[in-house]
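Remember, it's 1-based here, ligands and their atoms both numbered in the order they're listed.
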Amino acid sequence: MTDHRDLFRLDDRVALIVGGGGGIGSAMAEALGGVGASVSIAGRSAERAEAAAARVREAGAQSLAVVADANNPVDCERMVAETVDRFGRLDIILNAVGGGAGTALHAAEQYPTGEWDRIVDLNLTSTVLPTQAAVKAMIAGKRGGRVLNVSSVRGQLGIDAGYSAYVAAKGAINALTRQWATEWAKYGITVNAISPTFVDTPQVATLLQDAEFKAKIVSRIPLRRIGTTADLVGAVLLFCSDASSFITGQILTIDGGLTATQ
Ligand SMILES: NC(=O)c1ccc[n+]([C@@H]2O[C@H](COP(=O)([O-])OP(=O)(O)OC[C@H]3O[C@@H](n4cnc5c(N)ncnc54)[C@H](OP(=O)(O)O)[C@@H]3O)[C@@H](O)[C@H]2O)c1
């Protein structure tokens, strides 16, 4: 009898997680390692990348930390080259660099260009450059591949809180997810995105310490709680594995029903 759980196994597959030292990225590194993938973790801080790689190894999977800036094209080529050198192939790229929305809140009519560039670089360019490098390796490898972007519900929902640059970047990631899916299907490469609302990570911890703010967020979510990194694992395993062979160009909201109410 077929064991359909095998659809989600990633034995012999190699994943590059850009931003893998972060709140979401490190949890997803452990999840992918947990189903058998070898995981390469890229980030600017050696300490954070090494710590995440160590946790993957402790869980029994192979892992490599690569110090690299996702906004630097040379670094992006190198993070892919080091991954392929170490593990022999590249099957999956998970783009988990981004955030910073709350650090750049400005009225739309006077959004400062410097802050605009910073947030777009952090959220959009940091997804584009590593993906270009990774997909070239996947095309050369001739085994297909998986691209998974981390977007945000802000890519599809406006909010009257000064988020212009962040919503523009995440909206562009959603558009690129569909565009890349269309262009790279001929190589057997699927491209999807997960689109969470607040996920309880260090990046949003300070915000969520404000009980009034947290209660307001929770009141808008039909499932009446904040998401956790564990809530993302099922979708990540789906999109990174053979279980999603015929799914591409999709943006899956993981938001306790928030977008269903809009
Ligand atoms: N947390 C949430 O509530 C939430 C909700 C919706 C969507 N998201 C999205 O989820 C993604 C991850 O968020 P998170 O909460 O995990 O954030 P995080 O903890 O800040 O993680 C982001 C990681 O990206 C790395 N990074 C930043 N700039 C980089 C660069 N130029 N090159 C290489 N690495 C870089 C950082 O490590 P280094 O500083 O070491 O480079 C950091 O570890 C973001 O795209 C965010 O927009 C988060």
Side-chain angles (χ1 to χ4, degrees), residues 16-31 40-53 55 65-80 93-104 117-131 133-134 148-157 159 163 165-174 176-177 193-209 213-214 217-218 221 225-232 235-236 251-256 258-259:
L16 168 61
I17 306 190
V18 193
I24 290 177
S26 60
M28 297 312 108
E30 287 182 60
S40 188
I41 290 168
R44 293 165 306 177
S45 149
E47 199 183 342
R48 274 194 289 272
E50 289 290 358
R55 282 195 297 277
V66 182
V67 177
D69 182 346
N71 285 118
N72 177 326
V74 175
D75 277 16
C76 292
E77 296 290 339
R78 184 173 51 77
M79 67 173 80
V80 169
I93 179 170
L94 197 164
N95 289 302
V97 172
T103 68
D117 290 346
R118 182 174 73 82
I119 294 297
V120 170
D121 280 352
L122 173 59
N123 285 281
L124 179 58
T125 314
S126 67
T127 292
V128 173
L129 298 181
T131 302
L148 182 58
N149 298 323
V150 181
S151 184
S152 160
V153 292
R154 291 296 146 223
Q156 64 193 92
L157 299 177
I159 181 168
Y163 274 57
Y166 187 72
V167 302
K170 293 302 189 183
I173 285 177
N174 292 354
L176 271 176
T177 297
I194 55 169
S195 186
T197 182
F198 272 100
V199 182
D200 198 352
T201 57
Q203 189 178 121
V204 298
T206 320
L207 277 175
L208 294 176
Q209 272 163 14
F213 176 83
K214 184 174 176 181
I217 299 287
V218 168
I221 297 174
R225 65 175 177 84
I226 301 289
T228 66
T229 54
D231 291 317
L232 309 182
V236 168
I251 292 123
L252 181 67
T253 51
I254 303 178
D255 64 358
L258 171 70
T259 46

Open item on the list: With respect to Val204, determine whether any N or O atom, backbone or side chain, lies less than 3.5 Å from an N or O atom of ligand 1.
Closed with: no

Open item on the list: Could you measure the distance from the CG atom of Leu94 to the CG atom of Leu232? Nearest 0.5 Å is fine.
Closed with: 10.0 Å

Task: Presence of salt bridge, Arg78 and Asp75, under 4.0 angstrom - done: yes

TODO: Starting from atom 26 (N) of ligand 1, locate the nearest protein heavy atom and write down its residue, its atom name and how far away it is, to 0.1 Å.
DONE: Val97 CG1, 3.7 Å

TODO: Report yes or no: does a heavy atom of Ala101 sit under 4.0 Å from some atom of ligand 1?
DONE: no

TODO: Just need the protein heavy atom nearest to atom 6 (C) of ligand 1, so name the residue and atom and give the distance.
DONE: Pro196 O, 3.4 Å

Task: Exam field: side chain Lys214 to backbone Leu207, donor-acceptor pair closer than 3.5 Å - done: no

- [ ] Would you mind running through ligand 1 and noting each atom that sits below 4.0 Å from a heavy atom of Gly99?
- [x] 44 (C), 45 (O), 46 (C), 47 (O)

Task: Gly98 neighbourhood, listing ligand 1 atoms whose heavy-atom distance to it stays under 4.0 Å - done: 44 (C), 45 (O), 46 (C), 47 (O)

TODO: Look at atom 48 (C) of ligand 1 and find which of Ile24, Ile173, Ile254 reaches it with the closest heavy atom.
DONE: Ile24

Task: Taking atom 14 (P) of ligand 1 as the reference point, the nearest protein heavy atom with its distance - done: Gln203 NE2, 3.7 Å

Open item on the list: Looking at ligand 1, would Lys170 count as a contact under a 4.0 Å heavy-atom criterion?
Closed with: yes

Open item on the list: Return the closest protein heavy atom for atom 9 (C) of ligand 1 as residue, atom name and distance.
Closed with: Val150 CG1, 3.7 Å

Task: Non-hydrogen atoms of Gly99 and Leu122 that approach each other most closely - done: O-CD2, 3.4 Å

Task: Closest non-hydrogen atom pair between Ser126 and Asn71, with its separation - done: N-ND2, 3.4 Å

TODO: Mind checking the CD1-CD1 spacing from Ile217 to Ile226? Nearest 0.5 Å is all I need.
DONE: 6.0 Å

Open item on the list: Below 4.0 Å from ligand 1: does a non-hydrogen atom of Gly21 turn up there or not?
Closed with: yes

Open item on the list: Could you identify the single nearest non-hydrogen protein atom to atom 42 (C) of ligand 1 and state the distance to 0.1 Å?
Closed with: Gly22 CA, 3.9 Å

Open item on the list: Is it true that Asn149 and Thr177 share a donor-acceptor pair across their side chains at a distance under 3.5 Å?
Closed with: yes

Task: Minimum non-hydrogen distance to atom 3 (O) of ligand 1, winning option of Leu129, Ile194, Asp121, Val199 - done: Val199

Open item on the list: Restricting to non-hydrogen atoms, name the atom on Gly21 and the atom on Ile41 that form the minimum distance, rounded to 0.1 Å.
Closed with: N-CG2, 3.7 Å

Open item on the list: Between Asp121 (side chain only) and Arg118 (backbone N and O only), is there a donor and an acceptor less than 3.5 Å apart?
Closed with: no

Open item on the list: Measuring from atom OG of Ser152 to atom CD1 of Ile194, what distance do you get when rounded to the nearest 0.5 angstrom?
Closed with: 10.5 Å

Open item on the list: Can you name the atoms of ligand 1, numbered from 1 with element, that are less than 4.0 Å from a heavy atom of Asn71?
Closed with: 31 (N)

- [ ] Give the residue, atom name and distance (to 0.1 Å) of the protein heavy atom nearest atom 47 (O) of ligand 1.
- [x] Tyr166 OH, 2.8 Å

TODO: Give a yes/no verdict on whether any heavy atom in Pro202 is under 4.0 Å from an atom of ligand 1.
DONE: no

TODO: Measure the spacing between CZ of Arg48 and OG of Ser26 and express it to the nearest 0.5 Å.
DONE: 10.5 Å

Open item on the list: Quick check on contacts: which atoms of ligand 1 are under 4.0 angstrom from a heavy atom of Leu122?
Closed with: 27 (C), 28 (N)

Open item on the list: If I apply the N/O under 3.5 Å rule, does Gly25 come out as touching ligand 1?
Closed with: no

Task: For atom 15 (O) of ligand 1, the option (of Ile226, Thr201, Thr127) bearing the nearest heavy atom - done: Thr201

Task: Asn95 versus Pro130, closest heavy-atom pair with distance - done: OD1-CB, 4.1 Å

TODO: Check each atom of ligand 1 against the heavy atoms of Gly19 and keep those under 4.0 Å away; list them by number with element.
DONE: 23 (C), 24 (O), 25 (C)

Open item on the list: Please find the pair of heavy atoms, one from Ala42 and one from Leu16, that lie closest to each other, and give the distance.
Closed with: CB-CD1, 4.1 Å

- [ ] Please could you name the atoms of ligand 1 that Arg48 approaches to less than 4.0 Å, counting only its heavy atoms?
- [x] 37 (O), 38 (P), 39 (O), 40 (O)

Task: Protein heavy atom at shortest distance from atom 22 (C) of ligand 1 - done: Ala96 O, 3.7 Å

Task: Ser195 side chain vs Val153 backbone, donor-acceptor pair below 3.5 Å - done: yes

Task: Distance from atom 29 (C) of ligand 1 to nearest protein heavy atom, with residue and atom - done: Arg44 NE, 3.4 Å

- [ ] Drop me the distance from Arg44's CZ to Asn72's CG, to the nearest 0.5 angstrom.
- [x] 11.5 Å

Open item on the list: Nearest 0.5 angstrom please: Ile24 CD1 to Thr229 OG1, how far?
Closed with: 8.0 Å

Open item on the list: Only heavy atoms of Phe198, strictly under 4.0 Å: list the atoms of ligand 1 that pass.
Closed with: 3 (O)

Open item on the list: With a 4.0 Å cut-off on heavy atoms, is Ser26 in contact with ligand 1?
Closed with: no

- [ ] Quick one: closest heavy-atom pair of Ala70 and Val97, and the distance?
- [x] CB-CG2, 4.3 Å

- [ ] Report yes if some N/O of Asp69 lies less than 3.5 Å from some N/O of ligand 1; otherwise report no.
- [x] yes

- [ ] Please confirm whether Val18 comes under 4.0 Å of ligand 1, counting heavy atoms of the residue only.
- [x] no

Task: For Gly23, atoms of ligand 1 separated by under 4.0 Å from a heavy atom - done: 16 (O), 18 (P), 19 (O), 21 (O)

Task: N or O pair under 3.5 Å between Gly43 and ligand 1 - done: no

